[in-house]
Amino acid sequence: MPNQGAYSAARGAQVSYVQAVGAELAPSGIQLNLVAQNWVDNPTYFTQEMQAHPRWDALVKSRVPAGRLGTGEEDAAFVAFLAGDESDFFVGQVFPFCGGWVV
């Protein structure tokens with residue numbers, strides 16, 4: 001991503017922090033993980049005006065293998081899973097929530 005050096009460095013630091021602190025907290029029964037969201041329907045990032053643009057659908061389909069934005073409900077269901085007992089073995093993980101999009 002051009003001109004994104006500071007953002008990329010901060011994101012890398014965030015990932016490293018979650019991995020390291022997740023390992024430190026695990027013996028105490030605390031799971032720390034990261035949901036790396038991108039291409040989720042959020043009016044702060046993808047405004048109504050953006051989504052109404054004639055080329056919006058083509059852009060999303062060309063960038064997101066799932067061919068659509070994720071929903072808040074899907075995002076919340078995944079986070080609820082991570083907060084539940086069924087995910088206790090996930091420690092210091094980074095979970096891309098992005099419909100298959102990769103940089």
Side-chain angles (χ1 to χ4, degrees):
M1 293 187 294
N3 302 315
Q4 297 293 320
Y7 172 82
S8 296
R11 193 67 150 159
Q14 180 186 37
V15 168
S16 294
Y17 176 83
V18 166
Q19 291 170 334
V21 175
E24 291 175 9
L25 294 174
S28 298
I30 300 169
Q31 288 73 41
L32 176 66
N33 296 292
L34 171 66
V35 178
Q37 302 165 327
N38 205 329
W39 296 104
V40 176
D41 192 4
N42 178 335
T44 300
Y45 296 108
F46 305 119
T47 64
Q48 294 285 342
E49 294 78 21
M50 288 173 68
Q51 294 188 43
H53 193 281
R55 295 188 310 204
W56 175 255
D57 287 336
L59 171 71
V60 171
K61 287 180 179 161
S62 72
R63 302 255 175 115
V64 184
R68 64 177 180 83
L69 296 179
T71 68
E73 291 80 10
E74 291 170 316
D75 198 3
F78 182 61
V79 171
F81 165 74
L82 289 176
D85 293 338
E86 298 84 9
S87 68
D88 282 351
F89 202 60
F90 292 114
V91 174
Q93 299 299 303
V94 178
F95 296 100
F97 188 81
C98 58
W101 175 81
V102 293
V103 177

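Keep in mind it's a predicted model, so treat the numbers as computed, not measured.
Here CD of Glu49 is found 12.0 Å from CH2 of Trp56. Values are rounded to the nearest 0.5 Å. The distance from atom OH of Tyr17 to atom CD of Glu24, rounded to the nearest 0.5 Å, is 8.5 Å.
Under the 4.5 Å side-chain heavy-atom criterion for Ile, Leu, Val, Met, Phe, Trp and Tyr, Val64 and Met50 are members of the same hydrophobic cluster. Cluster membership for Leu34 and Leu32, using ILVMFWY side-chain heavy atoms within less than 4.5 angstrom, is shared.
Of the N and O atoms on the side chains of Ser16 and Gln19, not one donor lies less than 3.5 Å from an acceptor on the other residue. With hydrogens and angles left out, the side-chain atoms of Gln51 and Asp41 include a donor and acceptor closer than 3.5 Å.
Minimum heavy-atom separation, Leu59 to Ser62: O-OG, 2.8 Å.
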Next on the checklist: Is there a side chain to side chain contact (heavy atoms under 4.5 Å, CB included) between Asp75 and Val35? Walk through the geometry before answering.
Outcome noted: CA-CA 9 Å; Asp75 198 3; Val35 178; 4.1 Å; yes

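Aromatic ring pairs are classed by plane angle as parallel below 30°, tilted from 30° to 60° and perpendicular above 60°; the pair Trp39 and Trp101 is perpendicular.
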Identify all side-chain donor-acceptor contacts of residues 77-100 below 3.5 Å with residues at least two apart in sequence or on another chain.
| residue | atom | partner | partner atom | Å |
| --- | --- | --- | --- | --- |
| Ser87 | OG | Phe81 | O | 3.1 |
| Ser87 | OG | Leu82 | O | 2.7 |
| Ser87 | OG | Gly84 | O | 3.1 |
| Gln93 | NE2 | Val91 | O | 3.0 |

